[in-house]
Amino acid sequence: MNINMYDPTRDYNGHKDEYMKAITQVMEMGDYINGQPVRELEEQLATYSKCKYCVTTSSGTDALLVSLLALDISYGDEVITTPFTWISTAEVIALIGAKPVFIDIDKDTFNINPNLIEEKINCKTKAILGVSMFGQMADYIKINKIAKKYDIPVIDDAAQSFGTTLNNQMSPYYNKIVCTSFFPTKVMGGFGDGGAILTNDKELAHKMKSIRNHGQSLNKFNHQYIGTNSRLDTIKAALLLVKLKYLPNSIERRKEVAKYYNKKLGGYKSIQCPTIRKGYESVYANYTIIVPSKEIRDTILNKMKEVGINLSIFYPKSLHLQPCFKYLGYDEGSFPIVQDICSRVISLPCYPELSRVEQDYIINKLFFNLNCPLSSR
Ligand SMILES: *Cc1c(COP(=O)(O)O)cnc(C)c1O
């Protein structure tokens, strides 16, 4: 058997006719940029997320970039964020000349530790950019309480958590700006790059729509802001409209897959299954476990590969140790929890079309092909 972290062709094959029809329609319309499906998708995404406005973008990274630009964050400003995330989160802060200020994470949820935020706030702090890691929201109740005190906007990098809730509310209910990604492996994965920004702030929504289109205002050739070309292609929007129809279903399936892992792997001392806190849910962009050591982790990776199972490490290296952020002056030991977590996490395939047979294969190989340092129930 050969199992990868994700197989995007399964969803395509499952709804092939609808996808092909969507493509054909756009091709025949000829409206390849900012066509009707883009506006339709924005409306539906806003409705789905129970918020007022949605601005689609060419990627999740650009959703973050456009958001920071819309908040006028620039040289000399600081943005508080987590070093345990995909590079985009911190990259866009640095790209516009601002400084990413990292803080450590909660060791169980992998999300930013809200108790460490306040001590990093100063007059240069212009935003808090949290990440809802692996499908579970960061503690945005606490984070927004702190942010409100200092009148700082909170952005949720929800690239991995589109559709998730906290106390039955979606992220835009708590946060000024929510950014997500439609990269194929994400929960709402599309066919190529894509992203979206969600907000209840009318002015910001208008500004973001303008910025993603070269800062043009309603009349063409009038450039109100310094902007970008961060538009989502019509053809991708049309495909995402099909995808969105099945999203509630696929989130349910992800939860079922996760539940089965919990049942089979839970209770073993040497495996820490994902911790979902009370009131939270996870849409399981990933099913990430923690094992006792880096050595065990690397053994598992290799042995699983030998039997055709390709696992992933999200993330093997904290951002504060990446060469591109060396200038920030952090070093080994700056964020002990992130560093420890980076050496011991391992993510298992967790996607809607993963079959029970495949899942059993993964679980069995995990236990039995390992000469198992794991089975200490
Ligand atoms: C995937 C991801 C992004 C970037 O999204 P792209 O669409 O690939 O640009 C940003 N942040 C996090 C946490 C992600 O997982």
Side-chain angles (χ1 to χ4, degrees), residues 5-6 8 41 45 54-69 79-96 100 102-103 105-106 109-112 127-140 143 154-164 171 175 177-198 208 212 228-233 236-237 239-240 243-244 254 274 282-288 312-320 322 324-325 338 341-342 345 347 350-351:
M5 284 301 286
Y6 186 53
L41 179 67
L45 288 171
C54 170
V55 182
T56 52
T57 54
S58 48
S59 69
T61 306
D62 275 26
L64 292 165
L65 177 64
V66 169
S67 300
L68 296 181
L69 289 171
V79 178
I80 292 174
T81 192
T82 161
F84 188 70
T85 174
W86 173 238
I87 184 78
S88 307
T89 317
E91 181 180 49
V92 290
I93 299 169
L95 192 64
I96 59 169
F102 293 129
I103 60 174
I105 59 170
D106 177 298
T109 64
F110 309 113
N111 284 327
I112 199 164
I128 300 169
L129 173 47
V131 180
S132 296
M133 198 46 70
F134 305 142
Q136 176 175 220
M137 248 191 260
D139 186 349
Y140 286 120
I143 293 172
V154 177
I155 306 170
D156 178 21
D157 179 346
Q160 302 182 10
S161 63
F162 185 73
T164 203
S171 182
N175 301 305
I177 297 176
V178 178
C179 297
T180 197
S181 163
F182 306 131
F183 188 83
T185 58
K186 311 281 173 166
V187 175
M188 166 92 176
F191 298 82
D193 281 308
I197 310 165
L198 302 157
M208 294 188 296
R212 71 141 184 223
T228 62
N229 173 357
S230 300
R231 299 174 301 243
L232 179 71
D233 294 325
K236 289 183 193 163
L239 290 164
L240 284 164
K243 189 90 191 207
L244 185 59
R254 281 176 186 274
S282 179
V283 289
Y284 292 103
N286 283 299
Y287 189 91
T288 300
S312 284
I313 310 293
F314 300 119
Y315 295 93
K317 194 177 195 172
S318 174
L319 291 190
H320 76 282
Q322 292 291 351
C324 67
F325 288 129
V338 178
I341 291 294
C342 283
V345 280
S347 296
C350 183
Y351 59 94

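In each ligand, atom 1 is the first atom listed, and ligand 1 is the first ligand listed.
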List, for ligand 1, each N/O atom that has a protein N/O partner under 3.5 Å away, with both atom names and the distance.
residue: ligand 1; atom: 5 (O); partner: Ser181; partner atom: OG; Å: 3.3
residue: ligand 1; atom: 7 (O); partner: Gly60; partner atom: N; Å: 2.7
residue: ligand 1; atom: 7 (O); partner: Ser181; partner atom: OG; Å: 2.7
residue: ligand 1; atom: 9 (O); partner: Gly60; partner atom: N; Å: 3.3
residue: ligand 1; atom: 9 (O); partner: Thr61; partner atom: N; Å: 2.8
residue: ligand 1; atom: 9 (O); partner: Thr61; partner atom: OG1; Å: 2.5
residue: ligand 1; atom: 11 (N); partner: Asp157; partner atom: OD1; Å: 3.2
residue: ligand 1; atom: 11 (N); partner: Asp157; partner atom: OD2; Å: 2.7
residue: ligand 1; atom: 15 (O); partner: Gln160; partner atom: NE2; Å: 2.9
residue: ligand 1; atom: 15 (O); partner: Lys186; partner atom: NZ; Å: 2.6

Original post:
Does one side chain, of Asn286 or Ser347, offer a donor that lies under 3.5 Å from an acceptor on the other?
Top reply: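 There is no such pair between these side chains.
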
Original post:
Is there a donor-acceptor contact under 3.5 Å from the side chain of Lys236 to the main chain of Asp193?
Top reply: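 Looks like yes, one N/O pair under 3.5 Å.
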
Original post:
Are the side chain of Tyr315 and the backbone of Ile87 linked by a donor-acceptor contact shorter than 3.5 Å?
Top reply: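 No; judged by distance alone, with no hydrogens or angles, the pair does not exist.
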
Subject >> Option passing side chain to side chain contact (heavy atoms under 4.5 Å, CB included) with Ile105 (candidates Thr85, Asn111, Thr82) >> reply: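 Single pass found, and it is Thr82.
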
**OP:** Check each of Ile177, Ile80, Val79 against Leu129 using the side chain to side chain contact (heavy atoms under 4.5 Å, CB included) test, and report the only one that passes.
**Re:**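 Output: one option passes, namely Val79.
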
Please list every donor-acceptor pair under 3.5 Å in which a side-chain atom of residues 180-190 meets a protein atom from a residue at least two apart or in another chain.
residue: Thr180; atom: OG1; partner: Ala158; partner atom: O; Å: 2.9
residue: Ser181; atom: OG; partner: Phe183; partner atom: N; Å: 3.0

